[in-house]
Amino acid sequence: MPAAANPAARAAPPRKAVPPPEALLGWYDRHRRRLPWRAEAGKREAPYRVFLSEIMLQQTTVVTVRPYYAAFLKRWPDVEALAAAPLEEVLSAWAGLGYYARARNLHACAKAVVARHGGRFPADEAALLDLPGIGPYTAAAIASIAFDRRAAPVDGNWERVVARLFAVDEPLPKARAKLRALALTLLPDEGYGDFAQAMMDLGATICTPRKPACALCPWRPDCAGYATGAPEVYPLKAAKAARPTRRGVAFLAVRADGAVLVRSRPASGLLGGMSEVPSTPWEVDGVASPAGHAPLNAQWCALNAPVTHVFSHFALELDVWRADLSAATRAPAGHRWVRPEGFDAEAFPSVMRKVLAKL
DNA sequence: CATGCGTGGAC
DNA sequence: TGTCCAAGCAT
């Protein structure tokens, strides 16, 4: 849609060019990716599906989410089904996906939608924002994608695209407010859902973090970042803190019938509500006397194969101690025996799967 | 506003 | 191998 086609544009005073939304929407029409949670052109996906996908996609890649999304949808086809499920089942199905507060909030949100809204997701950004696990991004994503409401779901893709379009010289996270304000200037007059998804696709396939494919970008003529010759430097980022290493000992108590001693973690915090093998606390300098933390008195034998795992804000090095016990051994309070056939039904996070692999 | 909160893949 | 990164939220 060239400005010259409009006679009035010639007379208008010169005004800072805003990248035209039509260019992006046209590109999206031609290149829209097929994704399990994305409706065909001209249609809208059910709000529950948008909701489920958006929660799963928070800080998580499309490739990782795919199988979880399919499994959840099959097991809990609608919000009522999810709301009626026991939390333990939801956590178990979520195991391996990470950021487990999302699973707890997903479940709480389903219940809230049933209780507060009769099982219908609200279309209002503000009402969505009130629900557990739904923040500014997800509220805007559901409002725009599921309901085609005017909203800007500014995620990492949007931030990168906008930072480059305007060559924003302020680093993240401080630049967030400015990026959001600039993002709002880009919105079209209609087609909000398509525009939101187009921004994400552009960021995921063209305006990528490392080597953006500017030659294929519909907004290249309008991009200040491209004009600088080094668009990939945007968005600028503040230096991040180093990641410390914590150490501990995990206790693999194995009964003669193969059952392993397991417990559940506290409902909130790191790996909240997930299942685990008992262990010492995980501390930066390790634990002085691990034996004092053993779940039961036994002949503990150190395996010479520590488990290493990297969390978002620390690395973990876990030594594993094993003890073999008679089939009659009772589980201490707060613990339970789980046989290998039962592992899949447990909510073991990845680090615990690594520990159990030492069996 | 900074920090806590997972995981696996790419380079 | 280490570093960065992916459709953020809660506190």
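These figures come from a predicted structure and were not determined experimentally. Lettering of chains follows the sequences in order, A, B, ..., and the numbering in each one begins at 1.
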J.: Using a 4.0 Å heavy-atom cut-off, does A:L129 contact any base of the nucleic acid, only the sugar-phosphate backbone, or nothing at all?
T.: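 No contact at all - A:L129 keeps every heavy atom at 4.0 Å or more from the nucleic acid.
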
J.: Using atom names, set out every protein N or O paired with an N or O of nucleotides 7-11 of chain B below 3.5 Å, distance rounded to 0.1 Å.
T.:
unit_1	atom_1	unit_2	atom_2	d
B:dT7	OP1	A:Y100	OH	2.6
B:dT7	OP1	A:S350	N	2.7
B:dT7	OP2	A:H309	NE2	2.6
B:dT7	O3'	A:S350	OG	3.3
B:dG8	OP1	A:S350	OG	3.4
B:dC11	O4'	A:R210	NH1	3.4

J.: What pairs with A:N157 under side-chain hydrogen bond (donor to acceptor under 3.5 Å, both in side chains), at least two apart in sequence or on another chain?
T.: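 Listed in chain order: A:D155, A:R160.
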
J.: Tell me the interatomic distance from A:R104, atom CZ, to C:dA10, atom P, rounded to whole angstroms.
T.: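 Interatomic distance, CZ of A:R104 to P of C:dA10: 11 Å.
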
J.: For C:dA6, does either OP1 or OP2 sit under 4.0 Å from a side-chain N or O belonging to A:R160?
T.: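 For C:dA6, OP1 or OP2 has a side-chain N or O of A:R160 closer than 4.0 Å.
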
J.: Rounding to an integer number of Å, can you tell me how far A:W158 CH2 sits from C:dA7 C1'?
T.: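 That distance rounds to 12 Å.
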
J.: Below 4.5 Å, heavy atoms only, C-beta onward: do A:K211 and A:E232 meet side chain to side chain?
T.: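 No - every pair of side-chain heavy atoms lies 4.5 Å or more apart.
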
J.: Taking side-chain contact (heavy atoms from CB on, under 4.5 Å) as the definition, give me every residue that meets it alongside A:P188, ordered by chain and number, with sequence neighbours left out.
T.: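 Listed in chain order: A:P21, A:L25, A:Y192, A:F195.
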
J.: Have a look at A:S53 and say if it touches a base, only the backbone sugar-phosphate, or nothing, with a 4.0 Å heavy-atom cut-off.
T.: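 No contact.
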
J.: Once you apply a heavy-atom cut-off of 4.0 Å, does A:K240 come out as touching a base, just sugar-phosphate, or nothing?
T.: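 Sugar-phosphate, no base atom in range.
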
J.: When you compare the side chain of A:P221 with that of A:Y226, does any pair of heavy atoms fall below 4.5 Å?
T.: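 Contact flag for A:Y226/A:P221 side chains = no.
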
J.: Do any side-chain nitrogens or oxygens of A:H313 fall under 4.0 Å of OP1 or OP2 in B:dG4?
T.: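 Looking at the OP1 and OP2 atoms of B:dG4, neither is under 4.0 Å from any side-chain N or O of A:H313.
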
J.: Ignoring hydrogens and geometry, is there a side-chain-to-backbone donor-acceptor pair from A:S53 to A:R49 under 3.5 Å?
T.: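 Yes.
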
J.: For A:R33, report the nucleic acid contact type (base, sugar-phosphate, nothing); a contact means any heavy atom under 4.0 Å.
T.: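 Result for A:R33 = base.
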
J.: Using a heavy-atom cut-off of 4.0 Å across all strands, would you classify A:W94 as base, sugar-phosphate, or nothing?
T.: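 Here A:W94 touches no strand at all.
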
J.: How close do A:M200 and A:I145 get, counting heavy atoms only, and between which atoms?
T.: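 Minimum heavy-atom contact is CE-CD1, 4.5 Å.
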
J.: If the P atom of C:dA7 is compared with that of B:dC5, how far apart are they to the nearest Å?
T.: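 Comparing P positions in C:dA7 and B:dC5 gives a spacing of 23 Å.
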
